[in-house]
*Asks:* 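Pasting a structure below so you can have a look.
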Amino acid sequence: MRLGVLDIGSQSAHLDIADLTPGGPPEPVTSLKRPVRLAESTDRQGVIEQEAIKRVVAAVTEAAAVAEAHGVDTMVPFATSAIRDAANRPTVLAEVEDATGIRLTFMTGEEEARLTFLAARGWYGWSAGEMLLLDIGGGSLELACGSHAEPAVALSVPLGAGRLTRHHLPETGPVKKGDVKALRQFVRSVISETAEGLRDQPEPRTRVGSSRTFAQLARLTGAPKAKAGPYAERVLDRHRLAAWVPRLAARSAAERARLRGISAARAHQALAGAVVAEAAMDVLGIEQLRICPWALREGVLLDRLRELETHPIPNPSCEVAGALAGAPTGASVVALPTGRGRYGSGRLHTATIPWA
């Protein structure tokens, strides 16, 4: 089966196409990435600007064309917290569907945590043992832990780098020490409360960070460049990261974009991302995180691959046109379930982590 996974995130729309064969890993075919910049185009009331919606429509339109050109059997189009939590979410989804015929679904933060954990388990394998995963997105922070393919606990809290920048930091220029201190205290309090879900879990053998935020922070603090390839060992050291927080605060977004590892698109939220990462590592007793090159989209691929291994499809023949208005009879699109996550609502509680 040839599967297309279209992920509409806070910064970009990213399509991955891979061939899935039971008993083997996902085999990449091609990918497409287009900027949508939702994080910077969402106001303090949570409304996504019209120009950003147009960028989403254009990206989805192009992704559908690429998927059709590559003979995709099934498309999985979904949006993460940037759209899921938007005040005008119904408008965004309706405009995308009206213009492209594709109905974007969205998963809960807990489901994102589950699938990202599945990706990390797929990358590191069973030798990783008990594993703790952290993933910082634009709108939320996901945490998951366990020793199996499925996490024993999967949690999500609204501590995304874009969201915190929008609500807690000034829009331009360097950031005052007091603002950084207040943000760090807020983040620590939320993570400390969230630790209730981890209280009864064994101490992790492997601690993993996934997402562009962690990858860029690791590069900033000395990890190998992207051109070293996905198999190069990359770690994020908490003490090195802590030393960078005031240096990021002292710089404007334009100045941060000139630092190693920090992209221009994410420079404005790099400080908030660093604060969340350092606070989470401190509260959870993590000195170093291994940076996993696989994340949410790979988790979706692996999840679908497991379904194929359990319930193989003899002759998949539906086309990506099934995602489009006026699709031919028999064509279909696989979409992830909406609603509450299978691991609960992610509400916050107070707890002490025994191994921190």
Side-chain angles (χ1 to χ4, degrees), residues 131-138 140-143 145 155 157-170 173-195 198 203-204 206-226 232-263 266-292 351-356:
M131 186 169 65
L132 173 66
L133 169 87
L134 281 70
D135 187 309
I136 301 173
S140 58
L141 164 68
E142 275 68 57
L143 305 95
C145 64
L155 304 168
V157 288
L159 295 179
R163 183 194 301 270
L164 293 177
T165 300
R166 188 163 62 246
H167 292 289
H168 294 270
L169 297 177
V175 180
K176 297 178 180 179
K177 292 181 180 179
D179 291 334
V180 176
K181 181 179 180 181
L183 176 59
R184 189 170 188 270
Q185 289 176 339
F186 170 74
V187 171
R188 284 180 62 88
S189 69
V190 174
I191 295 174
S192 295
E193 291 176 345
T194 308
L198 305 175
E203 180 175 359
T206 304
R207 298 160 173 87
V208 177
S210 173
S211 76
R212 288 289 294 168
T213 296
F214 275 120
Q216 291 194 358
L217 292 175
R219 175 62 189 140
L220 177 67
T221 56
K225 296 179 180 179
E233 183 69 15
R234 295 176 174 86
V235 298
L236 177 61
D237 182 89
R238 182 173 67 83
H239 296 287
R240 290 183 181 179
L241 176 60
W244 266 103
V245 170
R247 296 157 73 179
L248 288 171
R251 289 170 164 83
S252 66
E255 292 169 330
R256 294 173 198 160
R258 292 194 287 269
L259 298 171
R260 64 184 177 189
I262 305 298
S263 67
R266 295 175 183 268
H268 69 289
Q269 62 185 49
L271 173 60
V275 169
V276 174
E278 192 279 330
M281 293 175 72
D282 188 27
V283 171
L284 299 174
I286 301 171
E287 293 302 312
Q288 287 190 333
L289 279 173
R290 298 176 70 180
I291 306 303
C292 181
T352 300
I353 301 177
W355 35 262

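Note: hydrogens, waters and symmetry copies are ignored here, and every other heavy atom, side chains too, is used.
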*Asks:* Is any side-chain heavy atom of S210 less than 4.5 Å from a side-chain heavy atom of L133?
*Replies:* yes
*Asks:* When rounded to the nearest 0.5 angstrom, what distance separates CG in L220 from CG in L236?
*Replies:* 9.0 Å
*Asks:* Would you say that L159 contacts L164 through its side chain, given a criterion of any heavy-atom pair below 4.5 Å between the two side chains?
*Replies:* yes
*Asks:* For the atom pair CD1 (I191) and CG (L155), what is the distance rounded to the nearest 0.5 Å?
*Replies:* 11.5 Å
*Asks:* Do M281 and R207 have side chains that get closer than 4.5 Å, going by heavy atoms?
*Replies:* no
*Asks:* Of the non-hydrogen atoms in S211 and D135, which two are nearest, and what is the gap between them?
*Replies:* CB-OD1, 3.4 Å
*Asks:* If the condition is side-chain hydrogen bond (donor to acceptor under 3.5 Å, both in side chains), which residues does R290 pass it with, not counting sequence neighbours?
*Replies:* E233
*Asks:* Would you mind reporting whether R251 and L259 have side-chain heavy atoms less than 4.5 Å apart?
*Replies:* yes
*Asks:* For the atom pair CG (L248) and CD (Q269), what is the distance rounded to the nearest 0.5 Å?
*Replies:* 12.5 Å
*Asks:* Counting C-beta onward and ignoring hydrogens, is there a side-chain heavy-atom pair between V283 and T194 closer than 4.5 Å?
*Replies:* no
*Asks:* When rounded to the nearest 0.5 angstrom, what distance separates CG in D237 from CD1 in I286?
*Replies:* 12.0 Å
*Asks:* With rounding to the nearest 0.5 angstrom, report the CZ to NE2 distance, R166 to H268.
*Replies:* 8.5 Å
*Asks:* So do L284 and L198 actually touch side chain to side chain, heavy atoms under 4.5 Å?
*Replies:* yes
*Asks:* Of the non-hydrogen atoms in L217 and A270, which two are nearest, and what is the gap between them?
*Replies:* CD2-O, 4.4 Å
*Asks:* Can you confirm whether R240 is buried at CZ, in the sense that more than 12 heavy atoms of other residues, nucleotides or ligands lie under 6.0 Å from that atom?
*Replies:* no
*Asks:* Considering all heavy atoms of both residues, which atom of C145 and which atom of L132 are nearest to each other, and what is their separation?
*Replies:* CB-CD1, 3.9 Å
*Asks:* Any side-chain heavy atom of H168 within less than 4.5 Å of one from V187?
*Replies:* no
*Asks:* Would you say L134 and V208 make side-chain contact, with heavy atoms under 4.5 Å?
*Replies:* no
*Asks:* What closest approach, in Å, do F214 and A277 show between heavy atoms, and which atom pair accounts for it?
*Replies:* CE2-CB, 3.6 Å
*Asks:* Measure the CG-CD distance between D282 and E287 for me, rounded to the nearest 0.5 Å.
*Replies:* 8.5 Å
*Asks:* Ring pair (Phe, Tyr, Trp, His ring centres under 6.0 Å) with H167: which residues, sequence neighbours excluded?
*Replies:* none
*Asks:* Would you mind telling me which of Q216, R234, R219 makes a side chain to side chain contact (heavy atoms under 4.5 Å, CB included) with I291?
*Replies:* R234
*Asks:* Which heavy atom of A272 sits nearest to which heavy atom of A161, and what is that distance?
*Replies:* CB-O, 3.5 Å
*Asks:* Which atoms form the tightest heavy-atom contact between A218 and V235, and what is the distance?
*Replies:* CB-O, 3.8 Å
*Asks:* side-chain contact (heavy atoms from CB on, under 4.5 Å), that's the test. Do V275 and V245 meet it? Break it down for me.
*Replies:* CA-CA 7 Å; V275 169; V245 170; 4.1 Å; yes
